[in-house]
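Remarks on the structure that follows.
The model shown is predicted, which means the values in this text are computed figures rather than measured ones.
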Amino acid sequence: MTTATREKIIGDPVDRVDGPLKVTGAAPYPSDFTVPDLTHAVLVQSTIAAGTIRGIDAAMAEATPGVLAVITHENAPALVEGPMTPLGPSPPFPLRDNRILHQGQHVAVVVARTREQAAAAARLVEMDYEEAAPVLSIDDPRAPVLLNRWGQDVDRGDVTAALASAEVVYDEIFTTAAVTPNPMGLFATVARWEGNRLTVHDASQDPMLVRKTLATVFDLPEADVRVLVPYLGGGFGSGLRVWPHVILTALAARVVGRPVKLVLTRPQMFTSVGHRPETRQRVRLGATRDGRLVALDHEGTSTIGALDDGGVEPVTQVTGNAYSCPNVATHDRRTRLHIPSPHWMRGPGTTQGNFAVESALDELSYTLGIDPIELRLRNYTEVHPGSGRPWSSKALRECYRVGAERFGWARRTPDIGSMRDGNWLVGYGMAGVTFTPGQAPCQATVSIRRDGSAHVRSAATDLGTGTYTIATQVTAELLGLDIDQVHVEIGDSDLPPAPYSGGSGMATSLSGAILDAVGKLVRAFLDLVADDESSPLRGRSPDEVTVTKGGIHVVDAPSIGETYVDILARHGLPETTAHGERNPRATGANPPPSGSFAAWFAEVRVDADLGLLRVARIVSAVDAGRILNEKLARSQMIGGAVMGIGMTMLEGTVFDPETGRIANATFGDYLIPANADVAEIDVVFVGTPDTVRPLGIKGLGEIGVVGVSAAIANAVYHATGRRIRSLPITVEQLL
């Protein structure tokens, strides 16, 4: 079965199908939901980073008007530990005992008839702590260290010998600060019990995981838990775990016997839903004088919570596969601190690791007197170094060429500080990106109804990336329908199971499931008319037909065929449905390695006297396989670039070194990019559809942030001669 090219919809810059709902305020986000008899919960959080609770005085809070319950570890009903998940263990259990593991830990939840009453009562709960000395620094020798817990370390060749004999050796340390995701939408949970059936509205990127976790914790069959996430106000990875406040909301609803809503405050978002961990990295390079890498050693240390083994993000995970190098060693470890649990954040691990390695390569290019692009091309590889197999597709060379042309790299004069505009020092910098997008098993059903419309169902979520729209486009093209004839229903755990929306894998996984369902749906229609003497499609096989204009037709003979509506009407059916599945882990599947690639180019201006740094423009050339929607894809890349500017120049979650309190947990103190910080961002897509992934998709969501920091930092060096190895870049570093 084929699709007529003149009916092409995939790739078109279609407006978001959910856009009108969002701009009119009609899209229901988790915090918007209300139900009869709704009550409200507010958290009480620890004011120390380590120690124990000696006693709790909740009498004044319990006597406050409207208060229904004050739940602490002393009176909380027993629950079951959360499950192991595909992304690691569940977070530490809420209210499990009297131990304090970080400042801001949830130590009580107050439930009242109104949120104002609950907040007032929460301030009256008195905690008596026995404080212990917290471990708060990544360099603290007391911090427990976890070595290679993920089996992703690389040891290829003999790095030690290669470094010892290399003509040129590089050895430097890089650091990146902790960064907090801060999606626009505050995370919220609404929970209600009907007997032993639990329904939850939650700010999650994975409703199936929320269902599984809540079923485990409350000892319920998964079928008795329903999780709804039709819309989400952003996530950046923070919605990929079932955080303690979600469990506490469901627990509170069971205790008071009424529905409960809990909405985190902005400061609580800093302590409750993860952050990009702080990192310290050592990069060692060995090279010949003509720029050939002979050794690459990358060691990464990142932070983790005191009792948390989740949120794995090795910073070296892509290092061994980015360039041709015979001797590679990568090692990742994590240090346990008394801090809120770090967690995945857009491009986890790879974002920080790319900054270190691409900065090191830039520095090597200046040492050798080789153009930074040329250095990367001399170490280019068409095969996946780890396996030795060719990439399923790779257009990184084209990314370098097209990106350089659009940016005007040829205008760059290589000498440090040689480009000026008045009092502004001008710098050009670039970075290459190799990224491995994820994909996971996904299911979907596709129905054709009597009115000719299609209905797609899957438990997938749209965290703002455009899942509704691309699912609509894919279904419309594959079935030969118009956009407005397709309805997509997602964000409900009762629908066919789907993976988390993260890892740049949702588009690939869901599109693959839809592709499979549509193929089965067309076969189902052909089966209906197989013995139908009145059908021109009688006896036709899928290979003989195509779909277009709302029906099925013989290939190259549009006049021979009929519409879905005619077939359903003649057979007296209200609809026909097919179930599709995409399982990249199918038994025996051994596809070639697949990656997304990009080249980033940045122009910066630095005031020669004041050290003020401005990004003048950014160009990104991207190979992400087949682009499903050019407008949405460009928006993703621009948004990623803005996030990269923030990480590079502004953002850093500041932990008080004595108490562990986050000192800048508000938008008044935590700096994020504003309009004045973001200049021209140009995005161009190159390459061809992938050879092995569904519809040629390779994944795009995270590659938009990976590489931005290195490109900017490298441009700063070109402008000023200051080599920045610590993020964020501050004015003090440039004075």
Side-chain angles (χ1 to χ4, degrees), residues 1-4 7-10 12 14-21 26-28 228 230-231 442-460 462 467-498 510-532 534-538 540 542 545-554 558 560-582 695:
M1 187 269 291
T2 60
T3 300
E7 298 294 332
K8 175 182 174 295
I9 298 174
I10 296 175
D12 288 352
V14 174
D15 291 341
R16 290 178 182 264
V17 298
D18 53 333
L21 287 177
L228 297 158
Y231 292 94
C442 184
Q443 298 180 29
T445 60
V446 179
S447 305
I448 291 287
R449 294 177 169 174
R450 190 72 165 267
D451 62 1
S453 66
H455 191 183
V456 182
R457 300 177 183 89
S458 179
D462 188 338
T467 304
Y468 278 108
T469 306
I470 62 170
T472 300
Q473 288 181 258
V474 167
T475 306
E477 179 169 321
L478 293 178
L479 285 173
L481 301 175
D482 293 331
I483 287 287
D484 58 7
Q485 290 179 285
V486 178
H487 173 69
V488 174
E489 182 183 357
I490 58 176
D492 182 345
S493 65
D494 279 359
L495 298 175
L510 181 57
S511 295
I514 293 172
L515 178 65
D516 185 50
V518 167
K520 293 175 180 176
L521 188 61
V522 171
R523 285 193 290 273
F525 273 100
L526 293 177
D527 289 343
L528 276 176
V529 300
D531 299 319
D532 186 347
S534 62
S535 174
L537 296 173
R538 179 187 179 193
R540 297 287 184 175
V545 302
T546 184
V547 297
T548 182
K549 293 188 179 301
I552 305 172
H553 305 269
V554 174
I560 304 175
E562 58 183 326
T563 66
Y564 307 120
V565 172
D566 289 342
I567 296 174
L568 291 173
R570 194 166 62 252
H571 289 267
L573 296 174
E575 66 177 31
T576 294
T577 300
H579 184 89
E581 182 173 5
R582 162 69 178 170
L695 300 176

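- The shortest non-hydrogen separation linking R538 to A530 is CG-O, 3.2 Å.
- Taken from CG in L481 to NZ in K549, the straight-line distance is 12.0 Å, to the nearest 0.5 Å.
- Inter-residue side-chain proximity for V565 and D451 is flagged as unmet; no heavy-atom pair is nearer than 4.5 Å.
- When all heavy atoms are compared, the tightest approach of A459 to A498 is C-CB, 3.7 Å.
- If you take NE2 on H579 and CZ on R457, they are separated by 12.0 Å, rounding to the nearest 0.5 Å.
- Closest heavy-atom contact between G452 and Q485: O-NE2, 3.8 Å.
- To the nearest 0.5 Å, the span separating CG on L568 from CZ on R449 amounts to 11.5 Å.
- Between I448 and A454, the shortest heavy-atom contact is CD1-CB, 3.9 Å.
- Under the salt bridge (Lys or Arg N to Asp or Glu O under 4.0 Å) criterion, D494 pairs with R197, R226, not counting sequence neighbours.
- Counting non-hydrogen atoms of other residues, nucleotides and ligands closer than 6.0 Å to CG of D484 gives a total above 12.
- The shortest distance between side-chain heavy atoms of H455 and E489 falls below 4.5 Å.
- To the nearest 0.5 angstrom, S453 atom OG is 12.0 Å from D482 atom CG.
- Taking 4.5 Å as the limit, some side-chain heavy atom of L528 sits within range of a side-chain heavy atom of L573.
- Residue I483 comes nearest to Q473 through the heavy atom pair CD1-CG, 3.8 Å, listed as atom of the first residue, atom of the second, then distance.
- In this structure, E477 contributes its side chain and I9 its backbone to a donor-acceptor pair below 3.5 Å.
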Test log, rule salt bridge (charged side-chain N to carboxylate O under 4.0 Å, His left out), inputs D527 and R523: CA-CA 6 Å; D527 289 343; R523 285 193 290 273; over 6 Å; no

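- No side-chain donor-acceptor contact under 3.5 Å links R540 and S535.
- The only option from T475, L479, T445 that meets the side chain to side chain contact (heavy atoms under 4.5 Å, CB included) definition with L521 turns out to be L479.
- Minimum interatomic distance between E562 and I567 (heavy atoms only, all atoms of both residues): CD-CG1, 3.4 Å.
- Put simply, the side chain of T467 does not reach to within 4.5 Å of the side chain of V488, judged on heavy atoms.
- With hydrogens and angles disregarded, a donor-acceptor distance shorter than 3.5 Å links the side chain of T469 to the backbone of V17.
- Side chains of H571 and T576 form no contact here, defined as non-hydrogen atoms less than 4.5 Å apart.
- L526 has its side chain within reach of P542: a pair of non-hydrogen atoms, C-beta onward, lies under 4.5 Å apart.
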For side-chain contact (heavy atoms from CB on, under 4.5 Å), just list the numbers for L515 and R582, CA-CA rounded to whole Å, side-chain angles, deciding distance to a tenth of an Å, and then say yes or no. CA-CA 9 Å; L515 178 65; R582 162 69 178 170; over 6 Å; no

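- Within the 4.5 Å cutoff, side-chain heavy atoms of V547 are placed close to those of Y564.
- Listed for the K520 side chain is no donor-acceptor partner under 3.5 Å among the backbone atoms of G580.
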